[in-house]
*Asks:* 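Okay, here's the structure, questions in a sec.
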Number of protein chains: 2
Amino acid sequence: MAGQARRTRTLRHTDPKDVPLQDALEALADPVRRLILRTLAGEPEFTRACGTFDLPVSKATASHHFAVLRATGLLEQVDQGPRRLSRLRRAEFDARFPGLLGLVLAEDEQPGPAPCDTHAAASR
Amino acid sequence: MAGQARRTRTLRHTDPKDVPLQDALEALADPVRRLILRTLAGEPEFTRACGTFDLPVSKATASHHFAVLRATGLLEQVDQGPRRLSRLRRAEFDARFPGLLGLVLAEDEQPGPAPCDTHAAASR
DNA sequence: ACGTCCATTCGACCGCTGTCGAACACATGA
DNA sequence: TCATGTGTTCGACAGCGGTCGAATGGACGT
């Protein structure tokens, strides 16, 4: 059978209304998760699969971060075949925490001279 | 004997302008620190000494949290004799991260069923 | 049926940070 | 000078969370 309509199934996601500020801040306090959110904000909805993100971590870790974001009501995901497409729940999250997501999306990539790097890179 | 001027000396504090979003979120992700901020917001400026806060942690831990808040540009402190009085740098922080502090100060104390602490019972 | 691709889950490791008691430093008042 | 009250600093400990490789589960295409 030729490909018919893709069976896109929405999976359970947390409603931002039920998210305590504690969880929201913890979720956003991770740089990888913020990178995911910023990437997602720059694309049409439901066009990026998890694997297409350019993240500095392994697949397992990335999956963990997606789960956290979903649990915090920050994104909604849809299974389309083997891929899992994401959408940023911008309006919903903004209704719960006005301005918070905006700060994240507007974050500068801090191109500084790497004062914040984790350990002795001994580079440059 | 009365009438000697209180020698209030301002100590070094970080300018919110120099604070990366990363640090701000990490600072606000701690419930004790948010409690400090909310308490401070409900009082006139420079009227609360560190010891007068009703915090669920030891003196040493409280001191640590005050240091973090100071380093994040969230509060300014003045030494008045043996006491260290604090002021919430509301406007300055709001200029750097519009709306963020507002969310914290408006936070509900979550009186609900969920006891936020996962363990640490029978302390002291 | 089978293999492939995609994402999650599992177990383990490790560093960071929140936590504490005790010791210290400082300013003040007797 | 000493005692007191206040806040910080010093080790030390514990738990959480981010991280990984490997194993697992599903959904196609052939």
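Every chain is numbered from 1 and lettered A, B, ... according to where its sequence line falls, protein lines coming before strand lines. The basis for the numbers below is simple: all heavy atoms, side chains too, and nothing from hydrogens, waters or symmetry mates.
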*Asks:* With a 4.0 Å heavy-atom cut-off, tell me which residues in residues 64-76 of chain B come close to DNA chain C, sorted by residue number.
*Replies:*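 H64(B), H65(B), in order of number.
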*Asks:* Check the distance between dC6(C)'s P and L85(A)'s CG and give it to me in whole angstrom.
*Replies:*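 It works out to 12 Å between those atoms.
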*Asks:* Does a side-chain N or O of R83(A) approach OP1 or OP2 of dA27(D) to a distance below 4.0 Å, or not?
*Replies:*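 Answer no for this pair, as no side-chain N or O of R83(A) is under 4.0 Å from OP1 or OP2.
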*Asks:* Taking only distance into account, with no hydrogens and no angle test, what donor-acceptor pairs under 3.5 Å do side-chain atoms of residues 39-50 of chain A form with protein atoms, sequence neighbours excluded?
*Replies:*
unit_1, atom_1, unit_2, atom_2, d
T39(A), OG1, L35(A), O, 2.8
E43(A), OE2, R48(A), NH1, 3.2
E45(A), OE2, R87(A), NH1, 3.3
T47(A), OG1, P44(A), O, 2.7
R48(A), NE, T52(A), OG1, 3.1
R48(A), NH2, T52(A), O, 2.9

*Asks:* Look for any protein N or O under 3.5 Å of an N or O in nucleotides 12-15 of chain C and output each such pair with its distance, or none.
*Replies:*
none

*Asks:* Detail all sub-3.5 Å separations between protein N/O atoms and N/O atoms belonging to nucleotides 20-24 of chain D.
*Replies:*
unit_1, atom_1, unit_2, atom_2, d
dC20(D), OP2, S58(A), N, 2.6
dC20(D), OP2, S58(A), OG, 3.1
dC20(D), OP2, T61(A), OG1, 2.9

*Asks:* Out of dG7(D), dG5(D), dA7(C), which nucleotide sits closest to the side chain of C50(B)?
*Replies:*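 The closest nucleotide is dG7(D).
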*Asks:* Hey, what else clusters with V68(B) if you join Ile, Leu, Val, Met, Phe, Trp, Tyr whenever side-chain heavy atoms sit under 4.5 Å?
*Replies:*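 When side chains under 4.5 Å apart are linked, V68(B) ends up in no cluster with other residues.
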*Asks:* Roughly, in whole Å, what's the span from CZ in R84(A) to C1' in dG25(D)?
*Replies:*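 Distance check: R84(A) CZ to dG25(D) C1' gives 11 Å.
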*Asks:* Starting at the 5' end of DNA chain D and moving along, which residue's nearest nucleotide shows up first, P82(A) or Q77(B)?
*Replies:*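 Between the two, 5'-proximity favours Q77(B).
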*Asks:* Starting at atom CG of D23(A), determine the distance to atom P of dC16(D), rounded to an integer number of angstrom.
*Replies:*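 So the two atoms are 15 Å apart, to the nearest Å.
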*Asks:* Tell me, yes or no, whether the heavy-atom count around R38(B) atom CZ, taken from other residues, nucleotides or ligands under 6.0 Å, exceeds 12.
*Replies:*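 Count over threshold, so yes.
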*Asks:* Locate the shortest heavy-atom distance separating A29(B) from L25(A); write the atom from each residue and the value.
*Replies:*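 It is CA-CB, 4.1 Å.
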*Asks:* Would you say that L28(A) contacts L74(A) through its side chain, given a criterion of any heavy-atom pair below 4.5 Å between the two side chains?
*Replies:*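 Contact flag for L28(A)/L74(A) side chains = yes.
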*Asks:* I'd like to know if the side chain of R96(A) reaches the main chain of V19(A), judged simply by a donor and an acceptor atom lying under 3.5 Å from each other, with no hydrogens or angles considered.
*Replies:*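 Yes; at least one donor-acceptor contact below 3.5 Å.
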*Asks:* Sequence neighbours left out, what pairs pass ring pair (Phe, Tyr, Trp, His ring centres under 6.0 Å) with at least one residue falling in residues 18-38 of chain B?
*Replies:*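 Ring pair (Phe, Tyr, Trp, His ring centres under 6.0 Å) check on residues 18-38 of chain B returns no pairs.
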*Asks:* Whether the side chain of T14(B) engages the backbone of G73(B) through a donor-acceptor N/O pair (distance < 3.5 Å, no angle test) should be reported.
*Replies:*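 No; judged by distance alone, with no hydrogens or angles, the pair does not exist.
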*Asks:* Taking atom P of dT17(C) as reference, at what distance in whole Å does atom CG of L25(A) sit?
*Replies:*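 One finds 16 Å between P of dT17(C) and CG of L25(A), rounded.
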*Asks:* Using the test side-chain hydrogen bond (donor to acceptor under 3.5 Å, both in side chains), find all partners of S86(B) that sit at least two apart in sequence or belong to another chain.
*Replies:*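 Testing S86(B) for side-chain hydrogen bond (donor to acceptor under 3.5 Å, both in side chains), a comparison that skips the adjacent residues, returns Q77(B).
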*Asks:* The criterion is salt bridge (Lys or Arg N to Asp or Glu O under 4.0 Å); which residues satisfy it with D15(A), sequence neighbours excluded?
*Replies:*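 Only K17(A) meet the salt bridge (Lys or Arg N to Asp or Glu O under 4.0 Å) criterion with D15(A).
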*Asks:* S63(B) has a side chain; which of dC6(C), dT8(D), dT8(C) sits nearest to it?
*Replies:*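 For the S63(B) side chain, the nearest candidate turns out to be dT8(D).
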*Asks:* Near DNA chain D, counting only heavy atoms under 4.0 Å, which residues of residues 26-38 of chain A show up?
*Replies:*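 Those residues whose heavy atoms fall under 4.0 Å from DNA chain D, taken from residues 26-38 of chain A in numerical order, are D30(A), R33(A).
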*Asks:* Quick check: do P98(A) and L103(B) have side-chain heavy atoms less than 4.5 Å from each other?
*Replies:*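 P98(A) vs L103(B): side chains touch.
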*Asks:* Under the rule for side-chain hydrogen bond (donor to acceptor under 3.5 Å, both in side chains), what residues qualify as partners of R34(A), not counting sequence neighbours?
*Replies:*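 For R34(A) the side-chain hydrogen bond (donor to acceptor under 3.5 Å, both in side chains) partners, ignoring immediate neighbours, are E107(A), Q22(B).
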*Asks:* Sequence neighbours left out, what passes salt bridge (Lys or Arg N to Asp or Glu O under 4.0 Å) with R84(A)? Give chain and number order.
*Replies:*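 Salt bridge (Lys or Arg N to Asp or Glu O under 4.0 Å) list for R84(A), sorted by chain: D79(A).
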*Asks:* For residues 59-67 of chain A, tabulate all N or O donor-acceptor pairs below 3.5 Å that involve a side-chain atom, not counting sequence neighbours.
*Replies:*
unit_1, atom_1, unit_2, atom_2, d
T61(A), OG1, S58(A), OG, 3.3
H65(A), ND1, R33(A), NH1, 3.1

*Asks:* dG18(C) P sits how many Å from L55(B) CG, rounded?
*Replies:*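 Answer to the nearest Å: 14 Å.
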